[in-house]
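Remarks on the structure that follows.
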Amino acid sequence: APLAALPAAAPPPFVYAEHVRGGGERMFAALCIAGYEGVVSKRADAPYRSGRGKTWLKAKCTRRQEFVIGGWRASGKGRGFASLLLGVPENGGLRYAGRVGTGFDESTIAALGKRLAGLAVDAPPFAGKLSADARRDAHWVRPDLVAEIAFAEFTNDGNVRHASFIGLRDDKPVAKPRPSATGAQALAKLGVTITSPDRIVFPELGLSKAALAEYYAVLADAILVEAGGRLLSLVRCPQGRGKACFFQKHDSGMFPDSVRHVPVAGTGGKAEDYLYIDDAAGLLACVQMGTIEFHGWGSRVADVERPDRLVFDLDPDEGLGFAAVKAAALLVRDRLAAAGMTSSPMLTGGKGVHVIVALAPGAEWPAVKAWARRFATAMAADHPADFTATMSKAKRKGRIFIDWLRNQRGATAVMPWSVRARPGAGVAVPVTWQALAASSAGNAHSAADAGAIASLARRWRPPPHDQQLPDADRDAG
């Protein structure tokens, strides 16, 4: 219709957005994180012409995730199978998550077909009622294999869209679904009521507030080893990860009594009430209030002025892969060992690694901060191509920022076993140095695999807080 014929209040038929010149990689990464499909770009010196051509590009966002293989669909073309049927552990069962039918070559189809034949079962391993489409030409298998899948996004019903097979993950055992009653019983025992339990906290996973609460209920004992009795900053996302999130470290009167508070003097001398927890009820009360992440001071409430941990956060530049982060962590480990200190690594649930030293609370904050700064500066001086001890993004180009600023009064670091408020619900997982070598990413573990993480936590042996700073530096200011 002519524009003049449209009602005055109607929007125009075309809406133009501002174009962005330069910074394409950063913009593409930001849009993918925000859940957009991708970016369309054009050569700046090319005219606008319709149709396909080399002057227009469409860059699609892709995601990668591990899925359990629960079956396969027969092929009408005489090959082993047409597609694999995928599932994700959820709410005590295996939820159907769609199919993948591309990414296979003939040798992969033949080898995988033999393995699937040996896992055949009569009934589907997926929980709930499956659609007619999911059942069509389906052959069911015991859910013992894990596949890594690239895909564009999840559909509204939780299935993968535009999926492509990357490979089997024989290094990853299937996270056996833990009965949902385990988390539900833990919550009931604690007397914590989760309101809006069906609210989706992680939309890309379909992970609900109730599922997140169950994760924290099951992991509570492990989390409290380091987070218990420690001043905390909470990352609260009351409407879910995709909405507004904020830090909270002071008590505003909204938390129940199970979330403790203690007055602590700030830099100006004025005391304010800081939050801390000392039991599972307090932990879950924070989750009920929309908390996803738990960050803690380097000291505990019992001795606020004397930290009991050193944390070096290895934060890579955007272009660096995880292999570079792992190599950097080994350099930090070896340098700490030369100073007589034993360290342990932790996957942060994001893109980096923390190298942590468990201290006996002896030296005060100024000494610990000064020692950490000298250590980081020395690392950067000895390995200038690998490290920078300066926060500046410009100085970080192609290098890893060894963040020593976590070791000053009032600074916080993410606590072991905390979920991160990021796509994929990554978890901060303490690992051994041997396990770090085999790790594929800082966010290799997800809260969606609560059973697998609980198994890791049961095998975790936290280091004793019994190390001292070197004597020569203990009183440095």
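Since we're looking at a predicted model, the values are computed, not measured.
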Legend entry - Beyond-backbone contact of Leu85 with Phe126, side-chain heavy atoms, under 4.5 angstrom: yes
Inset, instruction - For Asp105 and Thr108, indicate whether the former's side chain and the latter's backbone hold a donor-acceptor pair under 3.5 Å. - result: yes
Inset, instruction - Show the numbers, then the answer: is there a side chain to side chain contact (heavy atoms under 4.5 Å, CB included) between Leu168 and Leu112? - result: CA-CA 9 Å; Leu168 285 182; Leu112 186 51; 3.8 Å; yes
Inset, instruction - Give a yes-or-no answer on whether the side chains of Asp133 and Ser131 include a donor-acceptor pair shorter than 3.5 Å. - result: no
Inset, instruction - In plain terms, say whether Asp144 and Arg115 are close enough for a salt bridge, that is, a side-chain N and a carboxylate O under 4.0 Å apart. - result: no
Inset, instruction - Would you check if the side chain of Asn407 reaches a backbone N or O of Val311 as a donor-acceptor pair within less than 3.5 Å? - result: yes
Inset, instruction - For the pair Ser208 (side chain) and Ala211 (backbone), establish whether a donor and an acceptor sit closer than 3.5 Å, ignoring hydrogens and angles. - result: yes
Inset, instruction - Mind checking the CG-CD1 spacing from Leu116 to Ile109? Nearest 0.5 Å is all I need. - result: 11.0 Å
Legend entry - Inter-residue atom distance Trp417.CH2 - Leu283.CG, 0.5 Å rounding: 14.0 Å
Inset, instruction - Write down the atom of Ala376, the atom of Trp404, and the distance for their closest heavy-atom approach. - result: CB-CD1, 3.5 Å
Inset, instruction - Give the C-alpha distance, both sets of side-chain angles, the deciding distance and a yes or no for side chain to side chain contact (heavy atoms under 4.5 Å, CB included) between Met289 and Val259. - result: CA-CA 11 Å; Met289 295 296 293; Val259 180; over 6 Å; no
Legend entry - Min side-chain heavy-atom separation Ile149-Leu84 under 4.5 Å: no
Inset, instruction - Report yes if some heavy atom in the side chain of Phe322 is under 4.5 Å from a heavy atom in the side chain of Leu347; otherwise report no. - result: yes
Legend entry - Any side-chain donor near an acceptor of the partner, Asp449 and Ser446, under 3.5 Å: no
Inset, instruction - Return yes if a side-chain donor-acceptor contact under 3.5 Å exists between Gln288 and Thr195, otherwise no. - result: yes
Legend entry - Side-chain donor or acceptor of Thr388 paired with backbone N/O of Pro384 under 3.5 Å: no
Inset, instruction - Mind listing the closest non-hydrogen atom pair of Tyr276 and Arg230 along with its distance? - result: CB-O, 3.3 Å
Inset, instruction - Identify, with sequence neighbours excluded, every residue that meets ring pair (Phe, Tyr, Trp, His ring centres under 6.0 Å) alongside His295. - result: Phe247
Inset, instruction - State whether Glu204 and Arg241 are salt-bridged, where the test is any N-O pair (Lys NZ or Arg NE/NH1/NH2 against Asp/Glu carboxylate O) under 4.0 Å. - result: yes
Inset, instruction - Taking all non-hydrogen atoms of both residues into account, name the closest pair between Pro430 and Trp460 and its distance. - result: CB-NE1, 3.5 Å
Legend entry - Passing option when Phe312 is tested against Leu336, Asp403, Val353 for side chain to side chain contact (heavy atoms under 4.5 Å, CB included): Leu336
Legend entry - Nearest-0.5 Å distance, CG of residue Leu436 to NZ of residue Lys326: 6.5 Å
Inset, instruction - Work out which heavy atom in Asp315 is nearest to a heavy atom in Lys351; give both atom names and the distance. - result: OD1-CE, 3.1 Å
Inset, instruction - Would you sort out whether Leu57 and Val40 count as a side chain to side chain contact (heavy atoms under 4.5 Å, CB included), showing the intermediate values? - result: CA-CA 6 Å; Leu57 293 176; Val40 175; over 6 Å; no
Legend entry - Expected output: side-chain Tyr216 to main-chain Ile292 donor-acceptor under 3.5 Å: yes
Inset, instruction - Check the pair Tyr96 / Val88 against side chain to side chain contact (heavy atoms under 4.5 Å, CB included), numbers first and verdict last. - result: CA-CA 7 Å; Tyr96 179 71; Val88 292; over 6 Å; no
Inset, instruction - Give a yes or no answer on whether the side chain of Arg420 reaches the backbone of Thr348 with a donor-acceptor pair at less than 3.5 Å. - result: yes
Legend entry - For the student: nearest non-hydrogen atoms of Val332 and Val355, plus distance: CG1-CG1, 3.9 Å
Legend entry - Presence of salt bridge, Arg406 and Asp313, under 4.0 angstrom: yes
Legend entry - Distance in Å, Leu219 CG paired with Glu214 CD, rounded so as to fall on 0.5 Å steps: 12.0 Å
Legend entry - Any residue meeting disulfide (SG to SG under 2.5 Å) with Cys286, in chain and number order, not counting sequence neighbours: none
Legend entry - pair His383-Leu331: side-chain heavy atoms closer than 4.5 Å: yes
Inset, instruction - Determine yes or no for a side-chain-to-main-chain donor-acceptor pair under 3.5 angstrom, with Arg199 supplying the side chain and Pro238 the backbone. - result: yes
Inset, instruction - Could you tell me whether Phe104 and Phe81 have their ring centroids closer than 6.0 angstrom? - result: yes
Legend entry - Side chains of Glu293 and Arg236 in contact at under 4.5 Å (non-hydrogen atoms): no
Inset, instruction - Hey, could you give me the CG/CZ distance between Asn443 and Arg422, rounded to the nearest 0.5 Å? - result: 8.5 Å
Legend entry - N/O donor-acceptor pair under 3.5 Å between Arg95 side chain and Ala127 backbone: no
Legend entry - Side-chain donor/acceptor of Arg459 to backbone N/O of Ala454, under 3.5 Å: no
Inset, instruction - May I ask you to test the Val68-Leu145 pair for a side-chain heavy-atom distance under 4.5 Å? - result: no
Inset, instruction - Tell me whether the guanidinium CZ or amine NZ of Lys42 lies under 6.0 angstrom from the six-membered ring centre of Tyr48 and within 45° of its axis. - result: yes
Inset, instruction - May I ask you to check whether over 12 heavy atoms, not counting those of Asp45, lie within 6.0 Å of atom CG? - result: yes
Inset, instruction - Quick one: sort the Phe67 and Phe151 rings into parallel, tilted or perpendicular, breaks at 30° and 60°. - result: perpendicular
Legend entry - Phe294 side chain reached by Val287 side chain, heavy atoms, under 4.5 Å: yes
Legend entry - Close side-chain approach of Met391 and Leu405, heavy atoms under 4.5 Å: yes
Legend entry - CZ-CD distance between Arg169 and Glu66, expressed to the nearest 0.5 angstrom: 4.5 Å
Inset, instruction - Flag yes if more than 12 heavy atoms outside Asp221 fall under 6.0 Å of its CG atom; otherwise flag no. - result: no
Legend entry - Centroid-centroid under 6.0 Å between Trp140 and Trp72 rings: no
Legend entry - Atom of Ala280, atom of Ala220 and distance for their closest heavy-atom approach: CB-CB, 3.8 Å
